[in-house]
Protein chains: 2
Amino acid sequence: MTEVNGSTSKIYLEVVEKLRNMIEKDGLNPGDKIPSERELSERLSVGRSSVREALRALELLGLIETRRGEGTFIKDFQEHKLVELLGTFFLQNTKVKKDLAETKQLLELDCIQIILLQASSESLDSFAKWAEQGNFDDQSYFGKLLEVNPNKLLERMWSIVNTYAQAAQVEFIQADLQAYIDLALALRQRQKAQTEQIYRERIRQGVSIKLT
Amino acid sequence: MTEVNGSTSKIYLEVVEKLRNMIEKDGLNPGDKIPSERELSERLSVGRSSVREALRALELLGLIETRRGEGTFIKDFQEHKLVELLGTFFLQNTKVKKDLAETKQLLELDCIQIILLQASSESLDSFAKWAEQGNFDDQSYFGKLLEVNPNKLLERMWSIVNTYAQAAQVEFIQADLQAYIDLALALRQRQKAQTEQIYRERIRQGVSIKLT
DNA sequence: GATAAAACGTGGTCTGACCACTATGATTGT
DNA sequence: ACAATCATAGTGGTCAGACCACGTTTTATC
């Protein structure tokens, strides 16, 4: 018996989908509460356990947060703990690591391209000022740099790749502080050639992947 | 009554953890079968529903695969759904058309970089041969090109961005067929400057975003 | 009015029951 | 002996109902 399982067999996946639509339709934002498990179960005509499977999966993904006694909320996603999992799980093959390192670098260079062409002088000024304080490490530096770039999609992609890279223990060697500062200054002056040279020769030197 | 909840309240998270250890300890590899839900439930002394919540979460992450009537298997980590999911959830409403087009181009250029440095001559030959047939459009051409590049992460990212770009009706203007063919030939000869020139001036000309 | 107690709502977990599907082994037919 | 068939057991998929633990809200009490 049962039941015309439309397309996505597996109820919990349908619930994920419905949830996604619901969030979009109702314009829910991070922090907002979503209906209770029992209500979802009723509204979607599925068992509560199926709803829970969907919610638990989304929770592990860091997309929602549940607080016992209170409810389930959309999460402002960041630091999903799943990532450490992935790292220790099945991420330990060198090919993946190489791809991660390579991709991360490419995204950083892409970001530099965009910044050179599109970033406002003010944002570049303030970034340079921030860099001159010297209060950063490789990771936080590029995190900040990616923020300066106006392409939010690129920023998000870098963030994800970076997270994965961390999980896989792919970390770049910390370069000389001055190199990072010089990069910021070169960016501010929109010196394309110099910027790229600093990145390649002084910051990402000696890394397995060479570009250009 | 419960419960000495060691550290990670939430049983399903403990199950995830236990599973991870089990996989590591037993040296299980992609394709291998993991114990059945009922057996796990018994071995870990937790309810089957908790086991299922853990498994469903890992499944949505793309770490395992379940086949009804057969069992649950470790999956090759290649096709992780993470980026996809994050995208469908939070990347939707933003007006990212520009970002999409821009990012897509950047990824294509990144791919070209990698190909110039890493692709085998044979794969470049066969790609050029394929291109000379002229049986493609802009999209399928770059889809094929991304396949030539050995960085599977990059390929996947492009594929996703491309999918979204389509959905957002961000499509590049089809260029002259000859331009695509010439690009393939330049790639085969590993002519970096020429390759990039063709891409920028003959294929992606007139697109909103200009790079370099 | 302030405080304490009870009621309610919510997530967390378990159990037991079916269903649907697959693989395996026994049965049967030739 | 071999092949096709069927029965069975094992597996994931789903549901319903029952508690528990915790937070919020309402109510009763002082």
Side-chain angles (χ1 to χ4, degrees), chain A residues 1-19 22-23 28 30-75 81-82, chain B residues 1-19 22-23 26 28 30-75 81:
Chain A
M1 42 212 37
T2 51
E3 100 248 78
V4 195
N5 218 326
S7 49
T8 335
S9 50
K10 294 218 188 187
I11 303 279
Y12 93 95
L13 289 177
E14 288 181 16
V15 174
V16 168
E17 186 64 21
K18 298 259 183 66
L19 225 34
M22 188 178 301
I23 289 173
L28 298 183
D32 290 350
K33 190 162 181 278
I34 67 181
S36 75
E37 297 180 352
R38 289 172 178 83
E39 185 182 340
L40 284 173
S41 164
E42 202 172 326
R43 271 167 61 173
L44 304 179
S45 305
V46 301
R48 193 183 152 207
S49 53
S50 293
V51 171
R52 279 189 62 80
E53 288 179 10
L55 291 179
R56 263 2 92 214
L58 293 177
E59 184 181 52
L60 191 61
L61 273 173
L63 295 176
I64 61 174
E65 178 185 9
T66 56
R67 296 199 284 272
R68 178 193 236 154
E70 299 182 55
T72 304
F73 305 83
I74 300 180
K75 197 169 168 185
K81 49 195 169 288
L82 62 109
Chain B
M1 93 179 15
T2 53
E3 85 286 69
V4 196
N5 218 324
S7 49
T8 335
S9 50
K10 294 218 189 185
I11 303 280
Y12 92 96
L13 289 177
E14 289 180 16
V15 174
V16 167
E17 186 64 20
K18 298 261 182 63
L19 224 35
M22 187 179 303
I23 289 172
D26 298 355
L28 297 182
D32 290 349
K33 189 160 181 278
I34 66 180
S36 74
E37 298 179 352
R38 289 172 177 82
E39 185 183 339
L40 284 173
S41 162
E42 201 172 325
R43 271 166 62 172
L44 304 179
S45 305
V46 300
R48 192 183 154 208
S49 55
S50 294
V51 171
R52 279 189 62 81
E53 289 179 9
L55 291 180
R56 266 357 95 214
L58 292 177
E59 184 181 51
L60 193 61
L61 273 175
L63 295 176
I64 61 174
E65 177 185 10
T66 57
R67 297 199 285 271
R68 178 193 235 153
E70 299 181 54
T72 305
F73 304 84
I74 300 179
K75 200 170 167 185
K81 298 194 172 107

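By convention in this document, chain letters (A, B, ...) are assigned in the order of the sequence lines, proteins followed by strands, and residues within each chain are numbered from 1. Keep in mind that what you see is a predicted model, and the values were worked out from it rather than measured.
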A.B. asks: When we call it a touch if two heavy atoms are under 4.0 Å apart, what does B:G69 touch: a base, just sugar-phosphate, or nothing?
C.D. replies: base

A.B. asks: So A:E37 and A:R48, salt bridge (Lys or Arg N to Asp or Glu O under 4.0 Å) or not? Walk me through it.
C.D. replies: CA-CA 6 Å; A:E37 297 180 352; A:R48 193 183 152 207; 2.9 Å; yes

A.B. asks: Do B:R68 side-chain and D:dG10 base share a donor-acceptor contact under 3.5 Å?
C.D. replies: no

A.B. asks: Heavy atoms only, 4.0 Å cut-off, all strands: where does B:S50 land among base, sugar-phosphate and nothing?
C.D. replies: sugar-phosphate

A.B. asks: Using a 4.5 Å cut-off on heavy atoms from C-beta on, say whether the side chain of A:S9 contacts that of B:R68.
C.D. replies: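 Result no, sub-4.5 Å side-chain heavy-atom pair not found.
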
A.B. asks: Would you kindly give the CG-to-P distance between B:L40 and D:dG10, to the nearest whole Å?
C.D. replies: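 Going from CG in B:L40 over to P in D:dG10 covers 16 Å.
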
A.B. asks: To the nearest Å, how far apart are A:I11 CD1 and D:dA16 C1'?
C.D. replies: 15 Å

A.B. asks: Starting from the C-alpha separation in whole Å, work towards a yes-or-no answer on salt bridge (Lys or Arg N to Asp or Glu O under 4.0 Å) for A:R56 and A:E59.
C.D. replies: CA-CA 5 Å; A:R56 263 2 92 214; A:E59 184 181 52; 3.5 Å; yes

A.B. asks: May I have the distance from B:R52 (atom CZ) to D:dC15 (atom P), rounded to whole angstrom?
C.D. replies: 10 Å

A.B. asks: Specify the separation, in whole Å, of atom CD1 of A:I64 and atom C1' of C:dG12.
C.D. replies: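 Rounded to whole Å, this separation is 14 Å.
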
A.B. asks: Checking contacts here: which listed nucleotide (C:dG12, D:dG13, D:dT24) is nearest the side-chain heavy atoms of A:R48?
C.D. replies: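 Side chain of A:R48 sits closest to C:dG12.
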
A.B. asks: Specify the separation, in whole Å, of atom CD of B:E37 and atom P of C:dC19.
C.D. replies: 18 Å

A.B. asks: Is the closest side-chain heavy-atom distance between A:L19 and A:V51 below 4.5 Å?
C.D. replies: no

A.B. asks: Return the 5'-most residue of the pair A:Y12, A:E70 with respect to DNA chain D, ranking by each residue's nearest nucleotide.
C.D. replies: A:Y12

A.B. asks: Classify A:T66 by what it touches in the nucleic acid, base, sugar-phosphate, or nothing, heavy-atom distance under 4.0 Å.
C.D. replies: sugar-phosphate

A.B. asks: Please tell me if the side chains of A:I74 and A:I23 come closer than 4.5 Å, counting only heavy atoms from C-beta onward.
C.D. replies: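 Yes, at least one pair of side-chain atoms sits under 4.5 Å.
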
A.B. asks: Quick one: on DNA chain D, does B:S49 or B:T72 contact a more 5' nucleotide (nearest heavy atom)?
C.D. replies: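 Looking at DNA chain D, the more 5' nearest nucleotide goes with B:T72.
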
A.B. asks: To the nearest angstrom, how far is B:E53 atom CD from D:dG12 atom C1'?
C.D. replies: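 After rounding, the reported distance stands at 16 Å.
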
A.B. asks: Measure the distance from CG on B:L13 to P on C:dG12 and round it to the nearest whole Å.
C.D. replies: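 So the two atoms are 10 Å apart, to the nearest Å.
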
A.B. asks: Which nucleotide in the set D:dG13, C:dT13, C:dC14 lies at the smallest distance from any side-chain heavy atom of B:R56?
C.D. replies: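 Closest nucleotide to the B:R56 side chain: D:dG13.
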
A.B. asks: Between the base of C:dG9 and the side chain of A:R38, is one N or O donor paired with an acceptor at under 3.5 angstrom?
C.D. replies: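 It does not, because no donor-acceptor pair links the side chain of A:R38 to the base of C:dG9 below 3.5 Å.
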
A.B. asks: Give a yes/no answer on whether the side chain of A:R67 brings an N or O atom under 4.0 Å of OP1 or OP2 in C:dT10.
C.D. replies: no

A.B. asks: Send over the distance from A:L60 CG to C:dG11 P, rounded to a whole Å.
C.D. replies: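 My rounded result for the distance is 18 Å.
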
